[in-house]
Amino acid sequence: MDLLKGKRAVIFGVANERSIAWAISEALHAEGAELAFTYAGEILEKRVRPLAEGIGAKIILPCDVTKDDEIDKVFQTLKQEWGSLDILVHAIAFAAKEDLSNPYVLTGRSGFHLALDVSAYSLVALTRHAAALMEGRSGSILTMTYMGSEKVVPNYNVMGVAKAALEASVRYLAYDLGPRGIRVNAISAGPIKTLAAAGISGFKEMLHYSSERAPLKRNITAEEVARTAVYLLSDMAGAVTGEIVHVDAGYNIMGM
Ligand code: NAD
Ligand code: 0WE
């Protein structure tokens with residue numbers, strides 16, 4: 001359909017072929033976008049590089065978002081190779097495993113900082129760098145969130161607090177960058193079995209619980225998230241910014 005023909009996109013958050021960021025990448029590629037990828041460390045490079053090269057990506061760089069020098073290097077390279085940028089996809093989250101099983105009240109200072117740094121502050125830093133390459137273009141920025149920011153989801157804990165900060169950041173960034181024609185939005189996805197979900201005990205039961213209660217009576221797929229991503233990142237959503245779009249089979253609307 002060529003909704004994104006000629007647009008250049010940088011993707012943060014592919015770990016493997018099950019990643020939400022990978023489903024988004026495939027959909028952006030199908031709409032004609034040119035893609036650059038980052039990976040968080042050498043172990044993931046082995047997974048990400050073949051996937052990225054398979055859809056013709058030429059820029060594939062390391063980026064641990066807790067490291068300012070690695071972020072700087074990514075955007076230096078994008079400036080050199082492309083000169084400008086149209087799209088940023090942020091699909092990154094991390095909290096220490098014990099902070100996703102212990103009671104929230106036991107979250108220590110370092111676990112709190114880690115979760116908020118990787119999962120929320122990184123959007124601010126990446127957006128600042130990306131916006132500098134979006135001058136004079138209609139840039140679009142997308143992040144991924146989860147309903148655990150709005151309501152208590154047992155064990156989501158410090159990640160829920162980080163996602164609340166992430167969603168508020170979407171609104172403040174949308175306000176800052178709106179005058180420059182840059183839009184910032186988030187997709188709040190229902191549970192999907194990815195690497196990040198595989199580490200969560202009882203995830204299968206969570207999928208079952210959600211599918212029974214959601215209006216559509218089913219779970220969602222990463223491909224469905226990707227189709228909404230194409231919409232938000234394209235000119236189809238030219239007047240949409242600061243928005244949190246739920247792609248969750250309607251789960252979040254239920255009160256009882
Ligand atoms: P995933 O494990 O495939 O992706 C998470 C990514 O975060 C990985 O690529 C990982 O390398 C990256 N990451 C972690 N720490 C990093 C760091 N320090 N620097 C750079 N990258 C780092 O899992 P996913 O489910 O595709 O998650 C993508 C996003 O979607 C996350 O923000 C997650 O919170 C969100 N989300 C997931 C679900 C779900 O149920 N899977 C639901 C709603 C929202
Ligand atoms: O955002 C997420 C998960 C993000 C995540 C996952 C892990 C697992 C491995 C962040 N950090 C880590 N750290 C690890 O060591 N989701 C939306 C998926 C998810 O995670 C949950 C959920 C859902 C849904 C945790 C508890 C309850 C529900």
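All ligand and atom numbering here is 1-based and tracks the order in the structure.
- Not one N or O on the side chain of His208 forms a donor-acceptor pair closer than 3.5 Å with the backbone of Lys204.
- The shortest non-hydrogen separation linking Ala9 to Trp82 is O-CH2, 3.5 Å.
- Near ligand 2, heavy-atom contacts under 4.0 Å come from Phe94, Ala95, Lys97, Leu100, Tyr146, Val153, Pro154, Asn155, Tyr156, Ala196, Ile200, Phe203, Met206.
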Does ligand 1 have any N/O pairs with the protein under 3.5 Å, and how far apart?
| unit_1 | atom_1 | unit_2 | atom_2 | d |
| --- | --- | --- | --- | --- |
| ligand 1 | 2 (O) | Ala196 | N | 3.1 |
| ligand 1 | 3 (O) | Ser19 | OG | 2.6 |
| ligand 1 | 9 (O) | Gly13 | O | 2.9 |
| ligand 1 | 9 (O) | Ala15 | N | 3.4 |
| ligand 1 | 18 (N) | Asp64 | OD1 | 3.0 |
| ligand 1 | 19 (N) | Val65 | N | 2.9 |
| ligand 1 | 23 (O) | Thr194 | OG1 | 3.2 |
| ligand 1 | 25 (O) | Thr194 | OG1 | 2.5 |
| ligand 1 | 26 (O) | Ile20 | N | 2.9 |
| ligand 1 | 32 (O) | Ile92 | O | 3.3 |
| ligand 1 | 32 (O) | Lys163 | NZ | 2.9 |
| ligand 1 | 34 (O) | Lys163 | NZ | 2.9 |
| ligand 1 | 40 (O) | Ile192 | N | 2.8 |
| ligand 1 | 40 (O) | Ile192 | O | 3.3 |
| ligand 1 | 41 (N) | Ile192 | O | 3.0 |
| ligand 1 | 41 (N) | Thr194 | OG1 | 3.3 |

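- Nearest heavy atoms, Ile87 versus Met134: N-CE, 3.8 Å.
- Considering Val74, Leu88, Val10 in turn, Leu88 is the only one that fulfils the side-chain contact (heavy atoms from CB on, under 4.5 Å) rule with Leu126.
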Can you give me every donor-acceptor pair (side chain of residues 111-120, partner residue at least two apart or in another chain, under 3.5 Å) with its distance?
| unit_1 | atom_1 | unit_2 | atom_2 | d |
| --- | --- | --- | --- | --- |
| Ser119 | OG | Phe94 | N | 3.1 |
| Ser119 | OG | Phe94 | O | 3.3 |
| Ser119 | OG | Ala115 | O | 2.8 |

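- A salt bridge does not link Asp176 with Arg128: every distance from a Lys NZ or Arg NE/NH1/NH2 to an Asp or Glu carboxylate oxygen is 4.0 Å or more.
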Contacts table for residues 136-149: side-chain donor-acceptor under 3.5 angstrom, sequence neighbours left out:
| unit_1 | atom_1 | unit_2 | atom_2 | d |
| --- | --- | --- | --- | --- |
| Arg137 | NE | Asp86 | OD1 | 2.9 |
| Arg137 | NH1 | Ser84 | OG | 3.3 |
| Arg137 | NH2 | Asp86 | OD1 | 3.2 |
| Ser140 | OG | Arg183 | NH2 | 3.3 |
| Ser140 | OG | Leu232 | O | 3.2 |
| Thr143 | OG1 | His90 | O | 3.3 |
| Thr143 | OG1 | His90 | ND1 | 2.8 |
| Thr145 | OG1 | Glu167 | OE2 | 2.5 |
| Ser149 | OG | Tyr146 | O | 3.2 |
| Ser149 | OG | Glu167 | OE1 | 3.2 |
| Ser149 | OG | Glu167 | OE2 | 2.5 |

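- Closest approach of Phe12 and Ala21 over heavy atoms only: O-CB, 4.4 Å.
- Taking a cutoff of 4.0 Å between a charged side-chain nitrogen and a carboxylate oxygen, Glu224 and Arg218 qualify as a salt bridge.
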